[in-house]
Number of protein chains: 2
Amino acid sequence: MSHVQTEQMNPTPSSVSENIPADVPAELHAKLGRKRDLTRDPEILEAALDVLAETGYDGMTIDMVASRAKAGKATIYRRWPSKAELIIDAVSCMRKNNLPTSELPDTGTLRGDLIAMIKPQSIKEGDRKFQIMAGVLAMISQAPELADAANTAIVAPRAQANLLLMQRAIDRGEISAKSDIQTLSLVTPAMIAHRILILRTPINREFLVSLIDGIILPAVGLPHP
Amino acid sequence: MSHVQTEQMNPTPSSVSENIPADVPAELHAKLGRKRDLTRDPEILEAALDVLAETGYDGMTIDMVASRAKAGKATIYRRWPSKAELIIDAVSCMRKNNLPTSELPDTGTLRGDLIAMIKPQSIKEGDRKFQIMAGVLAMISQAPELADAANTAIVAPRAQANLLLMQRAIDRGEISAKSDIQTLSLVTPAMIAHRILILRTPINREFLVSLIDGIILPAVGLPHP
DNA sequence: GATATCCGGAACTGCAGAGTATCGTATGGA
DNA sequence: TCCATACGATACTCTGCAGTTCCGGATATC
């Protein structure tokens, strides 16, 4: 990280007590209950994620985010105190866009369920998410809470979905209850991350199917179809 | 990445043709066959890897590398034209330190071989390698050749070792020849990377054993011991 | 329509860090 | 012993970007 400036000076401008300036810092803003264009927030966060996915944390500049969101730089700093906090917020807010567990497929077989989770749209979306992950990784060592945010927003949902599907397979007696489904549920996210981050190869259907048929199903004792 | 400067100006100082200065740039240096303290190169590269593992690409400064190697900043720039090339060189040179395949264990069983590869020293060394990987990831999008270098130096050797052990297990009839050992050989590196990069949890013996007993062996049809 | 507030745009400041230049010194070869 | 070269240290320049400030215009409320 390049410039991690002096960290939060003058939380209250106590030197001049004349009156509140037109543009007040973000924290005060929220607390004073001023009205703001609330539709700008998600647009800016989305722009930040785009730039992050494309250029990485250090390649990303606030000007890029501002121009992509057609916003002024000042507008961004009115809402977030620093670049770091903007990104943490952006990544944290990704969680909302995850599909709820109620929408999980239920085909009757584990393989059917796992295959059903492969959809063109989810592949593309997953690609972007892991690009964001790559952009964020550089910053993780300085802001550990970001690791949690990224994990919660990007890999945990996938792992959780896998875990539920496998648990259901155990419950219906399809696979052995001794399977280490906790570890197994992490295999696909880890392999996807490895492929995108290190091999720089985009995800496709064949790859995901080979993970299912070559690793997951054999590991839980199901014969290759 | 912060400062990716203007990229290679005046390859030959044609403006002044007086004589060659005492300290010539690195490229000329090598070509002219001047004598240099060759023992400094690996020390500087090693220092660069240390700093890289600790602070990441953008956190790393040339001054840090110089002082860690007890070298002058100018000495580094005499040998490498830029920070980026220094790091690419450092990562590329890691390959040499990998143990040759001839030293692979041969216990007679796949599980025995895989377990035998877990040694305290290899865990520690692996930890550092993947920290370096984390540091390098930020830069990969701008220098794709670095992805190859990192892959070749860090994950490929592990995968290759796994692959050989599994192939031997097939050859001796221990496991089915239909096993997708190509994909399986990537599981441990990918899971290790995931754990270090995203979960920020250090590797230990229990984790590696659970990968072997919970995923690899079940996936090739060997019963849990 | 007057007032207040926020907006986008743009100019500005400050600083860290890449890369360069210089200097006094250590070293090795003739 | 002398010369050449490369060394470490240090001081320097230059540039990109985080964060700030200012301004004219849009919007909303009354």
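In what follows, chains are A, B, ... by sequence order, proteins preceding strands, each numbered from 1.
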B:Lys83 charged N/C atom sitting above B:Tyr57 aromatic ring, 6.0 Å / 45°:
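Relative to the ring axis of B:Tyr57, which defines the angle, B:Lys83 lies inside both limits.
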
Report yes if a side-chain nitrogen or oxygen of [X] is closer than 4.0 Å to either non-bridging phosphate oxygen (OP1 or OP2) of [N]; otherwise report no.
{"X": "B:Arg40", "N": "D:dG8", "result": "yes"}
{"X": "A:Arg78", "N": "C:dC7", "result": "yes"}
{"X": "B:Thr61", "N": "C:dG17", "result": "no"}

Please state how far atom [atom1] in [X] lies from atom [atom2] in [N], giving the value in whole angstrom units.
{"X": "A:Ile76", "N": "C:dC6", "atom1": "CD1", "atom2": "P", "value": "17 Å"}
{"X": "B:Asp41", "N": "D:dA6", "atom1": "CG", "atom2": "C1'", "value": "13 Å"}
{"X": "A:Asp58", "N": "D:dA18", "atom1": "CG", "atom2": "C1'", "value": "12 Å"}
{"X": "B:Ile44", "N": "D:dA9", "atom1": "CD1", "atom2": "C1'", "value": "14 Å"}
{"X": "B:Leu86", "N": "C:dG17", "atom1": "CG", "atom2": "P", "value": "16 Å"}
{"X": "B:Ile62", "N": "D:dA11", "atom1": "CD1", "atom2": "P", "value": "19 Å"}
{"X": "B:Arg68", "N": "D:dA9", "atom1": "CZ", "atom2": "C1'", "value": "19 Å"}
{"X": "A:Lys83", "N": "C:dA16", "atom1": "NZ", "atom2": "P", "value": "16 Å"}

How would you list, by chain and number, every residue that makes a salt bridge (Lys or Arg N to Asp or Glu O under 4.0 Å) with B:Arg205, sequence neighbours excluded?
none

Partners of B:Asp180 by salt bridge (Lys or Arg N to Asp or Glu O under 4.0 Å), sequence neighbours excluded?
none

Among D:dA18, C:dA10, C:dC7, the one nearest any side-chain atom of A:Ala74 is C:dA10

What's the closest nucleotide to the side chain of B:Tyr77 if the choices are D:dT21, D:dA9, C:dG19?
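Ranking D:dT21, D:dA9, C:dG19 by closest atom to the B:Tyr77 side chain puts C:dG19 first.
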
Within 6.0 Å of CD in A:Glu43, more than 12 heavy atoms from elsewhere
yes

Main-chain N/O of B:Asp50 paired to B:Arg68 side chain as donor or acceptor, under 3.5 Å
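No, the answer is negative, given that no donor and acceptor are paired below the 3.5 Å cut-off.
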
So what does B:Lys73 touch, heavy atoms closer than 4.0 Å: a base, only the sugar-phosphate, or nothing?
base

